[in-house]
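Below is one structure; the comments refer to it alone.
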Amino acid sequence: MAVRVRFAPSPTGPLHIGGIRTALYNYLFARHHGGQFLLRIEDTDQKRYVANAEEYLLEALTWCGLTPDEGPVQGGPDGPYRQSERSAIYAVYAQQLLDSGHAYRAFDTEEELDQWRVREEAATGQPPKYDLHSRMTLRNSLSLPPEETARLLASGADHVLRLRVPENETISFVDLIRGQVSFRSEEVDDKVLLKADGLPTYHLANVVDDHLMHITHVIRGEEWLSSGPLHILLYRYLGWENERPAFAHLPLILNPNGQGKLSKRTADKLGIPVFPLNWLDDASGQTWMGFRENGFEPQALLNFLALLGWNPGTEQELFSMDEMVQAFDLDRVHKAGARFDFDKARWFNQEYLKRMDNGVLASRLGQLLVERGVLHDANALPAIAGMLKERVHLLQEMPEAGHYFFEEPRSLDEAALRKKYKVEGRPVFDQLLGELQDCSPFEAEALEAKVKAYAAQTGQGLGVLMPILRLALAGTLQGPPVFDMMAVLGKEKVVQRLQQNLDRFDALLAG
RNA sequence: GGCCCGUUCGUCUAGGGGUUAGGACGCAGGAUUUUCAUUCCUGUAACAGGGGUUCGAUUCCCCUACGGGCUACCA
């Protein structure tokens, strides 16, 4: 049977990096086994619905290149792929559960339940569960006389449908990542299946949809592990036990400090992004930083994420998408949660940057410069990007790291200058300037030859000449090779900066 | 609190009854380089603790500790 997996996010806000990784693992698994990857929008909670969240999600997946084979956009044979459009379907199965006695109607209002919880907690010190121990003390079709239930029904009283969890049973299943997992039925509560608004909860909807969509493997985060027994029961009562998809619960991505699962709050405090794309929170007006806007390449992000919880069993760390598909499988997914290591993410990105074509990088850099209103010569960008890519981790760092390519150097490393330069040495540089003016073509190789010849001829060490040239050109001792810098800057700018800044140096040291 | 899951260098991880416990990030040092970066080399650093089982446990079992998840008419 062909593998079919799904990524089923809820549009309650921006999808974060953990969601991206879940999507990635699903995608890799599907591709590896030549199966299909579906996207299903789990929008059954009207209260938590956030406008734009679905749009954001789609854009994020597109940016990452994790395109579904079936989903709300591309359609497919098992649609609709948005749960809010499938209400009629869930109603059928809810009724089936009710008829077979595996579900019951509960009339307790939310206020009643709140009060009940407060009372119970006060009495026992623990919040109670709506389960096989307590259900007969609450107001439902199991505890109420049939005529009362009928009366309530006839009066149109609001009610929910709950699962009737069996007594004295061990419910176990094999998790592809963790092996066998067991739960006692006494610990499982009578979860709401159908809410008072007629929409299903996650539990019912997910089981029904996975079955109807012929999902073979449910690959999701570990936060779902505890609802496993509930889903097992649902598959059983719906008569689908033999076609039940396999379960695989992925380890969570933890905060860098290891305290809890990765959260936007903690990440924000540390100044690191957790969202793929920028997200503007309408309510607070706050913009949450995205990896894209931060300067990450989607492939680098994915590569980093893939290794967070999975490894190929070889020492390879850098993967193309095809290689990842080839190497990926669930049996090499780790069990324990992994902390998010931003430094390593940056390292991956630099590795990608270094491998990227300078032309591509140039257009990206050009865009960035335009956004920032930095004037530049587009023709020089490939060379500049080529030089800078080995010196930064993120594309976004390029404008700053190489700012002297686009404008006058913003600062001067004075300490370095005092160490390397003396006013008496000025004639040497004036003469060198003359040599440079005569240099043709004004290219790295010719410039190097010129300067080296001059050094040999005058007995000046390169160690004396080069730092000053660099300081006059860029204001700092750091940066790409001087001759490459000069070539990109062009004769006019080089001569002008040299004259101007040498004068400035003299003035500075004299003063 | 209860239930479930987990625990190898600071971090991501490989390994698995007998290994010099391997790699990567980071950090430190060195080589190269006019400088920085790149590259290369070297170093740093780990089997949570206690009991078993065994000739031998980091590896298998149990307990403890610690960490994480769940505990809604949320997903």
Side-chain angles (χ1 to χ4, degrees), chain A residues 8-12 42-45 47-48 106 108-110 113-114 117 124-130 158-162 175 177-179 181-184 186-189 191-197 199-203 205-206 220-229 249 251-252 254 256 258-261 304 307-318 332 334-348 350 354 387-392 401 413 416 420 448 451-452 455 461-471 474 476-483:
Chain A
S10 182
T12 53
E42 310 232 323
D43 54 349
T44 54
D45 187 353
K47 290 184 214 104
R48 293 210 308 158
D108 322 82
T109 64
E110 290 195 61
L113 288 176
D114 284 346
R117 289 198 181 96
T124 65
Q126 239 137 100
K129 282 198 290 196
Y130 204 122
D158 270 359
H159 65 281
V160 303
L161 217 62
R162 285 182 181 272
D175 182 280
I177 293 166
R178 285 148 218 287
V181 185
S182 304
F183 298 81
R184 287 296 306 171
E186 287 73 21
E187 304 291 343
V188 180
D189 48 355
K191 277 274 186 278
V192 170
L193 262 21
L194 223 45
K195 297 179 273 190
D197 64 7
L199 290 177
T201 56
Y202 170 82
H203 304 102
N206 128 281
R220 82 238 285 199
E222 194 189 340
E223 67 265 34
W224 296 110
L225 190 56
S226 335
S227 37
H249 291 93
L252 265 15
L254 274 19
Q259 304 281 289
K261 61 176 169 177
F304 163 70
L307 272 303
L308 217 53
W310 168 82
N311 80 84
T314 65
E315 282 175 359
Q316 183 178 359
E317 296 224 71
L318 265 11
R332 295 204 64 91
H334 224 239
K335 292 188 180 81
R339 297 189 198 189
F340 181 79
D341 180 358
F342 193 58
D343 278 340
K344 191 134 188 190
R346 285 163 51 83
W347 175 79
F348 271 105
Q350 185 184 34
K354 287 191 305 199
M387 287 185 257
L388 256 22
K389 68 182 182 183
E390 293 186 350
R391 275 154 249 268
V392 299
D413 184 344
K420 304 276 186 186
E448 181 169 359
V451 172
K452 283 191 169 161
L462 280 178
V464 175
L465 264 24
M466 304 299 286
I468 303 310
L469 287 178
R470 185 178 281 284
L471 249 19
T476 166
L477 247 28
Q478 300 180 359
V482 173
F483 303 115

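Just so it is clear: chains get the letters A, B, ... in the order the sequence lines come, proteins before strands, and each one is counted from 1. Values reported hereafter were calculated over all heavy atoms of this structure, with side chains retained and with hydrogens, waters and symmetry mates removed.
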With both distances under 3.5 angstrom, what nucleotide forms a Watson-Crick or G-U wobble pair with [N]?
N: B:A57; answer: none
N: B:A65; answer: B:U7
N: B:A14; answer: none
N: B:C27; answer: B:G43
N: B:U32; answer: none
N: B:U19; answer: none

If I take atom [atom1] in residue [X] and atom [atom2] in nucleotide [N], what distance separates them, rounded to the nearest angstrom?
X: A:Phe304; N: B:G26; atom1: CZ; atom2: P; result: 12 Å
X: A:Gln316; N: B:G22; atom1: CD; atom2: C1'; result: 17 Å
X: A:Arg178; N: B:U7; atom1: CZ; atom2: C1'; result: 13 Å
X: A:Arg391; N: B:U35; atom1: CZ; atom2: C1'; result: 9 Å
X: A:Leu318; N: B:C25; atom1: CG; atom2: C1'; result: 12 Å
X: A:Asp175; N: B:G6; atom1: CG; atom2: P; result: 9 Å
X: A:Trp347; N: B:A24; atom1: CH2; atom2: P; result: 9 Å
X: A:Met387; N: B:U38; atom1: CE; atom2: P; result: 17 Å

Looking at [X], does any N or O in its side chain come under 4.0 Å of the phosphate oxygens OP1/OP2 on [N]?
X: A:His334; N: B:A14; value: yes
X: A:Asn311; N: B:U13; value: no
X: A:Arg346; N: B:A24; value: no

If you measure from the [atom1] atom in [N] to the same atom in [M], how many Å do you get, rounded?
N: B:C41; M: B:G23; atom1: P; result: 11 Å
N: B:C27; M: B:U53; atom1: C1'; result: 41 Å
N: B:C12; M: B:U34; atom1: C1'; result: 38 Å
N: B:U11; M: B:C74; atom1: C1'; result: 32 Å
N: B:C40; M: B:C25; atom1: P; result: 10 Å
N: B:U33; M: B:U38; atom1: C1'; result: 10 Å
N: B:G50; M: B:G29; atom1: P; result: 36 Å
N: B:A31; M: B:A46; atom1: C1'; result: 29 Å

Under a 4.5 Å cut-off applied to non-hydrogen side-chain atoms, are [X] and [Y] in contact?
X: A:Leu308; Y: A:Lys344; value: no
X: A:Glu42; Y: A:Pro200; value: no
X: A:Leu307; Y: A:Pro312; value: yes

- Message: Applying side-chain contact (heavy atoms from CB on, under 4.5 Å), can you list everything that pairs with A:Arg339, at least two apart in sequence or on another chain?
- Response: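 Listed in chain order: A:Leu254.
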- Item | Which residues share a side-chain contact (heavy atoms from CB on, under 4.5 Å) with A:Lys195, sequence neighbours left out |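 Applying side-chain contact (heavy atoms from CB on, under 4.5 Å) to A:Lys195 gives A:Thr44, A:Asp45, A:Val192, A:Asp197, A:Leu199, A:Thr201.
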If the condition is salt bridge (Lys or Arg N to Asp or Glu O under 4.0 Å), which residues does [X] pass it with, not counting sequence neighbours?
X: A:Glu223; answer: none
X: A:Arg346; answer: A:Glu397
X: A:Arg391; answer: none
X: A:Asp108; answer: none

- Message: Are more than 12 heavy atoms, taken from residues, nucleotides or ligands other than A:Lys420, located less than 6.0 Å from that residue's NZ atom?
- Response: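 Counting other residues, nucleotides and ligands, NZ of A:Lys420 stays at 12 neighbours or fewer.
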Looking for any heavy atom pair under 4.0 Å, which part of the strands does [X] touch: base, sugar-phosphate only, or nothing?
X: A:Gly309; answer: sugar-phosphate
X: A:Ser182; answer: sugar-phosphate
X: A:Arg470; answer: base
X: A:Gly258; answer: sugar-phosphate
X: A:Gly221; answer: nothing

- 5'-most contact on RNA chain B: A:Pro251 or A:Gln126, nearest heavy atom basis?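 The 5'-side residue here is A:Gln126.
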- Message: By nearest heavy atom, map A:Glu317 and A:Leu225 onto RNA chain B; which one lands nearer the 5' end?
- Response: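 Result: A:Leu225.
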- Qualifying residues under side chain to side chain donor-acceptor pair (under 3.5 Å), relative to A:His159, sequence neighbours excluded: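 With neighbours one apart ignored, the set is A:Arg105.
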- Those residues that, when tested against A:Phe340, pass ring-ring contact (aromatic ring centres under 6.0 Å, His included) (two or more places apart):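 A:Phe304.
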- Partners of A:Trp224 by ring-ring contact (aromatic ring centres under 6.0 Å, His included), sequence neighbours excluded?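 For A:Trp224, the residues satisfying ring-ring contact (aromatic ring centres under 6.0 Å, His included) (neighbours in sequence not counted) are A:Tyr202.
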Give me, pair by pair, the N or O atoms of the protein and of nucleotides 39-49 of chain B that are less than 3.5 Å apart, along with how far apart they are.
from: B:U39; atom 1: OP1; to: A:Lys354; atom 2: NZ; distance (Å): 2.7

- Quick one, give me the B/S/- string for nucleotides 70-75 of chain B, reading 5' to 3', where B means a protein heavy atom under 4.0 Å from the base and S means that only happens at the primed atoms, P, OP1 or OP2. SS-BBB
Under 3.5 Å, N/O pairs linking protein and nucleotides 9-11 of chain B:
none

- Item | Where A:Gln478 and A:Thr476 come nearest, the two heavy atoms and their spacing |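 Nearest pair, atom of A:Gln478 first, then A:Thr476: N-OG1, 3.0 Å.
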- Only one of A:Arg220, A:Glu222, A:Lys335 clears side-chain hydrogen bond (donor to acceptor under 3.5 Å, both in side chains) with A:His249; which?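 Answer to the side-chain hydrogen bond (donor to acceptor under 3.5 Å, both in side chains) test with A:His249 among A:Arg220, A:Glu222, A:Lys335: A:Arg220.
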